[in-house]
Amino acid sequence: MLRMSTLLLRTLRDDPADAEVASHRLLVRAGYVRRVAAGIYSWLPLGYRTYRKIENIIREEMDYAGFQEVHFPSLLPREPYEETNRWSEYGPDLFRLKDRRGSDYLLGPTHEEMFTLMVKGEFSSYKDLPLSIYQIQTKFRDEPRPRSGIIRGREFVMKDSYSFDIDDAGLEASYQRHREAYIKTFNRLGLKFNIVSAMSGAMGGSKSEEFLAPCPTGEDTYVLCEKCGFAANVEAMVTKVAPYVGEVAPTFEVFDSPNTPTIDSLVELVNAKFGGSITAADTLKNVLLMADGAAIAILVPGDREVDLKRVAANLPGVQDLRLFEDEDFAKYPALVKGYMGPQDAQALGVKVYADPRITLGSHWITGANQKDKHSRFVTHGRDFSVTAFVEAAEVKAGDLCPQCETPVVIDRAIEIGHIFQLGRKYAQALGLTVLDHNGKAQVVTMGSYGIGVSRAVAAIAEQTYDEIGLNWPPEIAPADVHLVAAGKDDAIFDYATKLALELETAGLTVLFDDRREASAGVKFKDAELIGVPYIVIVGKSLAEGRIEFRVRSVGSKVEFGIESAVSEILNAIR
RNA sequence: CGGGGCGUAGCGUAGUGGCUAGCGCGCCUGCUUUGGGAGCAGGAGACCGGGAGUUCGAAUCUCCCCGCCCCGACCA
């Protein structure tokens, strides 16, 4: 039983000034968490109970799936991370420290190295595989910008699993087992989620999916087809285009276009000059990028922006990608800012990549690579060619689903889980091999699977809260019932105390508001803020032998007679 | 790291050069009240983020530093 008269809890009437998103605001107001530093939070009793419920559900489902729990240190030596090159690759996001002798240590941002070395130290035969092990651990990342309270911290708790298999088929099976365990876990947590195909990016793997919990304050944008259920990270969205079937354009021509450095001004000028009604979609935008120190041009239709994330995710092997800056133009005097066109790319020494919408045979209005001049009828395949097609343009709502060609919607979400097939990168780097049937050493293939445990608290809060406070699903709430003694009479407190004990005896956890000094109104407001799903009120109707039972999520109120109160409550809850 | 904003009591805030830094919530004492964040009276609680400067005088002006929030970049 949690007695509010003695609980370490102070609810706040005002929103904290530094909290923007609902989960942060309400978790602070309801006394679940307190901020210690940017992206670093303490859990108070109520918050920690909810946190632990989530952790335990995750643990149960991992154990049920046959994965084995281990626990590694957070404070780690430099060497293993040196071997996988992450000591330097991880960059400034890694919390680093030195011991008294000056040796380098780090606070683990993720634990691939430890898991891999653990298996290497213990196992050496294909007969030991497959193996899946996991831990629930505090992770440290010195985020450039922690934000949204609990959602993105510098210290956070993650459940991370790793699978070890002798071959690709084994990895695929381990991956599927995790996928299924994740679906069960998130369903139990009461989270709405979409599974979205994702790029594995820098981690060096292949197949990868994210579990995204839709909510307006989420920081991930993804594409969803409401018809066929296709869902993808914007980076992984594939553009559906039909081959060009229009007429062959006339020979391209250059025309004067003074003071026309933008798409809008170009559209206006062309329509005035040639009397047409072209739009930005008829123009070709040439965006210059620096890719690992080399200039490249990206072609997209004039009505779309270049999405750098998409380009980076789809241009293999490029490490550093950024927009051209004025200094870069200074280094390439032949590139005329505002008047770029792909026609002279070879001569200018610039590799050109085109968004798939720039189909072969299509023609465009674009820059003439001379100040104050543009060209029209510039035709792909005739007047210019490209190094490759690359997904480059921003994804917009209404773009066609690559599976069923229905217009897609764009939604926001919190990433609550990520599963991916790591492959042999870490096993290779750290020398994890096992002997196969023939006694020959084989490099093990790995999968890596994460769930944001502390983040899940915030994600559930985000998906369930309402105007008056938190509103937990029963499995997650810090208590099963919130019992309010509303009144001053000893009779009310005596009965409420008795009822609280009976409910506890029946197996429920009771958050008992036994504060003598607080008014009924205060207690009701606090109960609503705290968000326990069932509220029992012992108050004025006790004189007639009745108590009140409310369901937080729907706001319903019914009365039960005290002689059957416990069984009625149990009934209503189950 | 770029852009914007903010730092005054546990929380929310007022105070743009002048007396003892004001108010609300919360906290303590007493009385009253008692089913929707109660009333009255009395109280405790602030190195005004830090440092340097300008000035007879600085929460207030200047410079530097630190911290925090938001947008972007980046990221599980």
Given RNA chain B, 5'-ward residue of the pair A/Gly521 and A/Val21, judged by closest heavy atom: A/Gly521
- prompt: Which residue lies toward the 5' end of RNA chain B, A/Glu143 or A/Ser148, if each is placed at its nearest nucleotide?
  reply: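 So the residue in question is A/Ser148.
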When you measure only distances, ignoring hydrogens and angles, does the side chain of [X] come within 3.5 Å of the base of [N] through a donor and an acceptor?
| X | N | value |
| --- | --- | --- |
| A/Arg550 | B/G36 | yes |
| A/Glu517 | B/A38 | no |
| A/Glu528 | B/G36 | yes |
| A/Asp15 | B/G12 | no |

task: Examine A/His111 together with A/Tyr134 and report whether their ring centres are nearer than 6.0 Å.
output: no
message: Please report whether the ring centroid of A/Trp472 lies less than 6.0 Å from that of A/Tyr32.
response: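 Between A/Tyr32 and A/Trp472, the centre distance is under 6.0 Å.
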Nearest-angstrom distance from the residue atom [atom1] of [X] to [atom2] of [N]:
| X | N | atom1 | atom2 | result |
| --- | --- | --- | --- | --- |
| A/His24 | B/C70 | NE2 | P | 8 Å |
| A/Arg515 | B/A38 | CZ | P | 11 Å |
| A/Leu12 | B/C11 | CG | C1' | 5 Å |

query: Once the angle between the rings of A/Tyr48 and A/Tyr51 is folded into 0 to 90°, is it parallel (under 30°), tilted (30 to 60°) or perpendicular (over 60°)?
result: parallel
- request: Give the ring-plane orientation class for A/His178 versus A/Tyr449, where under 30° counts as parallel, over 60° as perpendicular and anything between as tilted.
  value: parallel
Watson-Crick or G-U wobble mate for [N], both contacts under 3.5 Å:
| N | value |
| --- | --- |
| B/G57 | none |
| B/C6 | B/G67 |
| B/A38 | B/U32 |
| B/G24 | B/C11 |

message: Using a 4.0 Å heavy-atom cut-off, does A/Arg10 contact any base of the nucleic acid, only the sugar-phosphate backbone, or nothing at all?
response: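 Counting heavy atoms under 4.0 Å across all strands, the contact made by A/Arg10 is with sugar-phosphate only.
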message: Please classify the nucleic acid contact of A/Pro144 as base, sugar-phosphate, or nothing, using heavy-atom distances under 4.0 Å.
response: base
- prompt: According to a strict under-4.0 Å criterion, is A/Arg455 in side-chain N/O contact with OP1 or OP2 of B/A76?
  reply: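 No, outside the criterion.
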message: Is A/Thr110 close enough to B/A76 that one of its side-chain N or O atoms is under 4.0 Å from OP1 or OP2 there?
response: no
- prompt: For A/Phe420 and B/A76, do the ring centres fall under 5.5 Å apart while the planes stay under 30° apart?
  reply: no
- line: Given the options A/Phe72, A/Phe115, A/Phe67, A/Tyr162 meets ring pair (Phe, Tyr, Trp, His ring centres under 6.0 Å) only with A/Phe115
